[in-house]
*Asks:* 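I have a structure I would like to understand better, so I am pasting it below and will then ask my questions one at a time.
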Amino acid sequence: QLMESGGGSVQAGGSLRLSCKASGFPSSNICMAWFRQVPGQEREGVAAIDSVGSTDYSDSVKGRFTISGDNAQNTVYLNMDSLKPEDTAMYYCAADFAYCALYDLHSLLERDDRWSYWGRGTQVTVS
């Protein structure tokens, strides 16, 4: 189970921190990611991290967002700085084991169908 928190409303230029608590998953050999979706558009991969701490980001957030993990807490964070109105979306946490062993993080971010487990999402609104 994945449970997101930390969404909300913020002015442009501000910051937010999203959290994703994973329960029932082993911490080894897991990849976790953040995707976002605007109504009427496809889900977009934002950032991903693997069990050894390697990370990857979409070009749209590189340099502004930072993904990190706390293995002891089974939690992944997304620190979002310099937020823009175009960052407004529902943000989803995702996790996978099988594809994580087969593909690099950049390839995983390109395909939401390579992620087996999803949270319910948390809304981020930037005005």
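Predicted model, so just to flag it, every value in this text is computed and none were measured.
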*Asks:* List the atom of Val38, the atom of Ala89, and the distance in Å for their closest heavy-atom pair.
*Replies:*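 In terms of heavy atoms, the two residues are closest at CG2-CB, 3.9 Å.
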*Asks:* Can you tell me how far CG of Asp56 sits from CG of Leu108, rounded to the nearest 0.5 angstrom?
*Replies:*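 Spacing of CG (Leu108) from CG (Asp56) equals 9.5 Å.
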*Asks:* Looking only at heavy atoms, which two atoms of Ile30 and Ala95 are closest? And how far apart?
*Replies:*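 Where Ile30 meets Ala95 most closely, the heavy atoms are CD1-CB, 4.1 Å.
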*Asks:* Return the CD to OG distance between Gln123 and Ser9, rounded to the nearest 0.5 Å.
*Replies:*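 Here the interatomic distance stands at 8.0 Å.
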*Asks:* Does a side-chain heavy-atom distance below 4.5 Å link Cys93 with Trp34?
*Replies:*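 Of all side-chain heavy-atom pairs linking Trp34 with Cys93, at least one is under 4.5 Å.
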*Asks:* Shortest non-hydrogen contact from Tyr57 to Ile67?
*Replies:*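 Minimum heavy-atom separation between Tyr57 and Ile67: OH-N, 2.9 Å.
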*Asks:* So which heavy atom on Ser15 is nearest to which on Asp81, and how close?
*Replies:*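 Heavy atoms of Ser15 and Asp81 come nearest at OG-OD1, 2.8 Å.
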*Asks:* Enumerate the salt bridge (charged side-chain N to carboxylate O under 4.0 Å, His left out) contacts for residues 38-55, please, sequence neighbours excluded, ordered by first and then second residue.
*Replies:*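 Found Arg36-Glu44, Arg43-Asp112.
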*Asks:* Which heavy atom of Ser68 sits nearest to which heavy atom of Asn79, and what is that distance?
*Replies:*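 It is OG-ND2, 4.4 Å.
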*Asks:* Between atom OG of Ser19 and atom CD of Gln73, what is the distance when rounded to the nearest 0.5 Å?
*Replies:*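 Spacing of OG (Ser19) from CD (Gln73) equals 10.5 Å.
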*Asks:* Does Asp59 pair with Lys62 as a salt bridge, N-O distance under 4.0 Å?
*Replies:*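 Looking at Asp59 and Lys62, the cut-off is met.
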*Asks:* Under the 3.5 angstrom rule, does the side chain of Arg114 hit a backbone N or O of Glu110 as a donor-acceptor pair?
*Replies:*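 Side chain of Arg114 to backbone of Glu110, a donor-acceptor pair under 3.5 Å: no, none is there.
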*Asks:* Working to the nearest 0.5 Å, report the span between OG of Ser127 and CD of Gln11.
*Replies:*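 The CD atom of Gln11 is 6.0 Å from OG of Ser127, to the nearest 0.5 Å.
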*Asks:* Is there a chain of hydrophobic side chains (I, L, V, M, F, W, Y, each step under 4.5 Å between heavy atoms) that links Leu105 to Leu78?
*Replies:*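 Leu105 and Leu78: separate clusters.
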*Asks:* Calculate, to the nearest 0.5 Å, the distance between atoms NZ and OG1 belonging to Lys21 and Thr75 respectively.
*Replies:*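 It comes to 4.0 Å.
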*Asks:* Do Met90 and Phe35 sit in the same hydrophobic cluster, where Ile, Leu, Val, Met, Phe, Trp and Tyr count as joined when their side-chain heavy atoms come under 4.5 Å apart?
*Replies:*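 Yes, Met90 connects to Phe35 through the hydrophobic network.
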*Asks:* Which pair of heavy atoms, one from Ala33 and one from Leu109, lies closest together, and at what distance?
*Replies:*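 That would be CB-CD2, 4.2 Å.
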*Asks:* Atom OH of residue position Tyr99 - does it have more than 12 heavy atoms of other residues, nucleotides or ligands inside 6.0 Å?
*Replies:*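 No, OH of Tyr99 has 12 or fewer neighbouring heavy atoms, counting only those of other groups under 6.0 Å.
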*Asks:* Using the rule that Ile, Leu, Val, Met, Phe, Trp and Tyr join whenever any side-chain heavy atoms are under 4.5 Å apart, tell me whether Leu2 and Phe97 fall into a single cluster.
*Replies:*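 They do share one cluster, since a chain of ILVMFWY contacts under 4.5 Å joins Leu2 to Phe97.
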*Asks:* Does atom CD of Glu86 have more than 12 heavy-atom neighbours from other groups under 6.0 Å away?
*Replies:*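 Yes, because the 6.0 Å sphere around CD of Glu86 holds more than 12 heavy atoms from other groups.
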*Asks:* Below 4.5 Å, heavy atoms only, C-beta onward: do Met3 and Ser23 meet side chain to side chain?
*Replies:*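 In short, these two side chains do not touch, never coming nearer than 4.5 Å.
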*Asks:* Relative to the ring of Phe65, is the ring of Tyr91 parallel (under 30°), tilted (30 to 60°) or perpendicular (over 60°)?
*Replies:*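 Taking Phe65 first and then Tyr91, their aromatic rings sit tilted (interplane angle of 30° to 60°).
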*Asks:* Between Met32 and Met80, is there shared hydrophobic-cluster membership here, with clusters defined by ILVMFWY side-chain heavy atoms closer than 4.5 Å?
*Replies:*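 Yes: a chain of side-chain contacts under 4.5 Å links Met32 to Met80.
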*Asks:* Could you tell me the separation between the OH atom of Tyr117 and the CG atom of Asp96, rounded to the nearest 0.5 Å?
*Replies:*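 CG of Asp96 is found 7.5 Å from OH of Tyr117.
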*Asks:* Indicate, with yes or no, if Ile49 and Tyr92 share a hydrophobic cluster defined by side-chain heavy-atom contacts under 4.5 Å among Ile, Leu, Val, Met, Phe, Trp and Tyr.
*Replies:*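 Cluster IDs for Tyr92 and Ile49 differ.
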